[in-house]
Amino acid sequence: MSRYEQLAQQLREQIRTGVWQEGDKLPSLRETVRRSGLSLMTVLSAYQLLESQGWIRSRPQSGYFVAPAREATGYQAPPPLLPAETVDINAFIFSVLQAGNNPGCVALGSAFPDASLFPRHQLSRSLSRVARQMHAEGTGVTLPPGCADLRRSIAQRYAARGMDISPDEIVITSGALEALNLSLQALTRPGDWVVVESPAFYGALQAIERFQLKAVAVATDPQQGMDLDALALALRQYPVKACWLMSHCQNPLGGSMPAANKQRLLALLAEHGVSLVEDDVYGELYAGLDPPLPIKAWDREGRVLHCGSFSKTLATGFRIGWVAAGQQSEVIQRLQLMSTLSTSAPMQLALADYLSSHRYDKHLHTLRRTLEQRKHIFYRAIQRAFPDSVRVYYAEGSYFLWLELPAHCCATRLYWRALEEGITIAPGRMFAADEQYRHCFRLNASLPWDPRSETAINRLAELIVEIIAEGPQT
Ligand SMILES: Cc1ncc(COP(=O)(O)O)c(C=O)c1O
C-alpha cells in the first residue's frame, strides 16, 4: 500500500470510530504535512481519494469536511425482509451469462478479475511438473476430500490467521460454487427456509431454486453487512434452517462486515440453532494491511461452513475451491461422491505445487494493490462520465462497483443495449428473487484503464442518458 493510501486508511478509520464526525473540519493539508512528515502531494492524494470515496468533501477556500454518513456509502437501504416462497431466477441468469459469454466483449459484467493479473507462467510451470509426475504414477484420481497436500496448505493458511482448522475437515471442490451448493444441500431439505442477503450473489438464489428451498432476503449494507436487527426478525418469523452470506467484499455491493457484527451474527444464529454457509471467495482481496477474520474464526460449535476459492485470486479456470466443513465434512464428501465424484486431480496437484513455493502471499499483495488502484481509476472516470443522477457505490476491497440508476430505469434494458455494442454489465435483477434491484447494476473495475475501457465507460454513459430520457420502464 502506498503512503497516500495508508494515510487515507488512517483517516477513514478515524471517521469510522468517531474521532471525526459529520461536518467536522479535517486538519488542513499543511497541518497534516507538518504532523505526518509526508509530502504535500501525498497528503493531497490521500484527501482526494477520501473525497472520491464520499468520506469527505472539499469546500473552496475552507478545507476538507467529513461528509454525511449516507454519502459515504451512497447507499439506499432495501426493505429489511423480503420473503420468497419460490425463487425463479435460473432462466434469467442463464440468458444473461450466455449472451455475454463472448471473449470479444469488454467484460464489465464479469465476476472474475482481469486474468492478466494472475501468475500464469508460474502456474504453467507447476502444471508441467505435475503432468510429468502423473505420467510416471498413473492417472491419479483423488477421491473426496481431495489432495492431502493441498488441504494441508489451506489449513496452514488458516493457522497463519490463528484459526485451528484440521486438514481433515477441508473438502476440495470444483470451485467455491460446488462447495457452497454441497454445503446448502447438506444443511437443508426441500421446502426449508434459507436466509440470504439482499442483494445476494446470484449463485445463492440459483441453489435455492435448484434445491426447492424458500428464501428470506435480509437487507444488507455495504459497510455493515447484513442488517442484524432484520436478521433477528427473520429468525423469529421463519423456521430458518440455514443462512448463506458473504462476510468480505460482498458480491455485488463490495463491502465487508465489521468484526463485532460477525460475532453478533454468529450469536444470533446459535440462539436459533441455524447453520451458516460463509461464502468467502473474495476474503483474500481485503483492503488495508491486516487480513480480516472470517466468521468461522469465532465458531466453537461447528456451525459455520466456510467456503473459499482460488478462482478470484490465482487461477480462474482451474476451478478449485474448498469448504472447511467441520462436522459436516463427511456428509459433504458423500454428496460430492454422488454428484461429481471428485475434483480434477491435476489441478489440485498443480495448486499444491504452486502453494509450496510460498509465492502466493507476495502475489496477493500485488494483486490487492493493483485492484484497488484500478477500481479507484474506474470510479473517478465513472463519476466524470455518468450523469449526476447515477449513484456509484465504492467499497474497499475486491473489484466491484455497484451503481444505481434513477428508480424509473431498467438496468436490464441497459444490459441488452450495451451488449449490442460489445460491453457487458451485471444487471441488478441477477441479485434478487424479485425486481428490487432492477435499476441497479454491478461493474467489474479490475480491467486495465486503457482506450478500450475508456470508450466502454463513455459509451455506457451515453446509453444511460438515453435510458433515463426514455421515462418509466417495465
Ligand atoms: C460471491 C461468489 N461466490 C462464489 C463464486 C463461485 O466461485 P468459484 O468460481 O470458485 O466457483 C462466485 C463467482 O463468481 C462469487 O462471486
Side-chain angles (χ1 to χ4, degrees), residues 89-90 93-94 96-98 100-101 107-115 117-118 146 150 154 170-185 194 196-208 210 217 220 222 225-226 243-257 276-286 294-296 305-324 332 336 339-340 343-344 347-348 351 371 395 397-402 424-428 430-432 437 441-446:
I89 191 134
N90 271 326
I93 306 253
F94 186 74
V96 166
L97 295 183
Q98 281 293 99
N101 186 21
L108 298 175
S110 166
F112 293 101
D114 175 24
L117 300 173
F118 292 150
L150 183 55
I154 294 169
I170 294 172
V171 184
I172 306 294
T173 53
S174 298
L177 202 55
E178 189 188 20
L180 292 157
N181 278 298
L182 293 177
S183 299
L184 193 65
Q185 200 178 355
V194 177
V196 291
E197 292 158 302
S198 173
F201 163 52
Y202 50 79
L205 302 170
Q206 288 178 295
I208 285 173
R210 185 151 76 95
T220 297
M226 188 174 273
C243 172
W244 172 331
L245 58 73
M246 303 187 63
S247 42
H248 308 121
C249 310
Q250 204 261 1
N251 179 3
L253 298 175
S256 301
M257 284 179 104
L276 175 66
V277 180
E278 184 177 11
D279 178 354
D280 205 13
V281 296
Y282 302 99
E284 297 278 15
L285 302 181
Y286 57 88
I295 299 170
K296 177 82 179 162
L305 285 77
H306 182 251
C307 301
S309 173
F310 295 103
S311 301
K312 318 292 185 202
T313 53
L314 187 62
T316 301
F318 279 38
R319 305 295 308 135
I320 299 290
W322 73 90
V323 50
I332 286 182
Q336 187 182 39
S339 50
T340 54
T343 309
S344 158
M347 297 307 167
Q348 292 188 66
L351 277 189
L371 289 176
S398 101
Y399 43 88
F400 294 135
L401 294 170
W402 180 245
T424 67
I425 59 167
M430 297 173 84
F431 303 100
Y437 301 104
F441 61 103
R442 187 198 67 195
L443 283 188
N444 180 326
S446 75

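When a ligand or atom number is given, it counts from 1 through the structure's own listing order.
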> Which is it for Cys307 and Val277 under the side-chain contact (heavy atoms from CB on, under 4.5 Å) test, yes or no, and what are the steps along the way?
Replying inline: CA-CA 7 Å; Cys307 301; Val277 180; 4.2 Å; yes

> Who passes salt bridge (Lys or Arg N to Asp or Glu O under 4.0 Å) against Asp280, sequence neighbours left out?
Replying inline: none

> How many angstroms lie between CZ in Arg442 and CZ in Phe201, if you round to the nearest 0.5 Å?
Replying inline: 8.5 Å

>> Students should find this: residues with any non-hydrogen atom under 4.0 Å from ligand 1. What is the answer?
In response: Ala111, Phe112, Gly175, Ala176, Leu177, Leu180, Phe201, Met246, Asn251, Asp279, Val281, Tyr282, Ser309, Ser311, Lys312, Arg319

>> For Phe112, I'd like to know if atom CZ has over 12 heavy atoms of other residues, nucleotides or ligands within 6.0 Å.
In response: yes

>> What's the separation between atom CG in Leu276 and atom CG in Leu245, rounded to the nearest 0.5 Å?
In response: 5.0 Å

>> Checking side-chain polar atoms at under 3.5 Å, does Glu178 have a donor or acceptor matched by the opposite partner on Thr340?
In response: yes

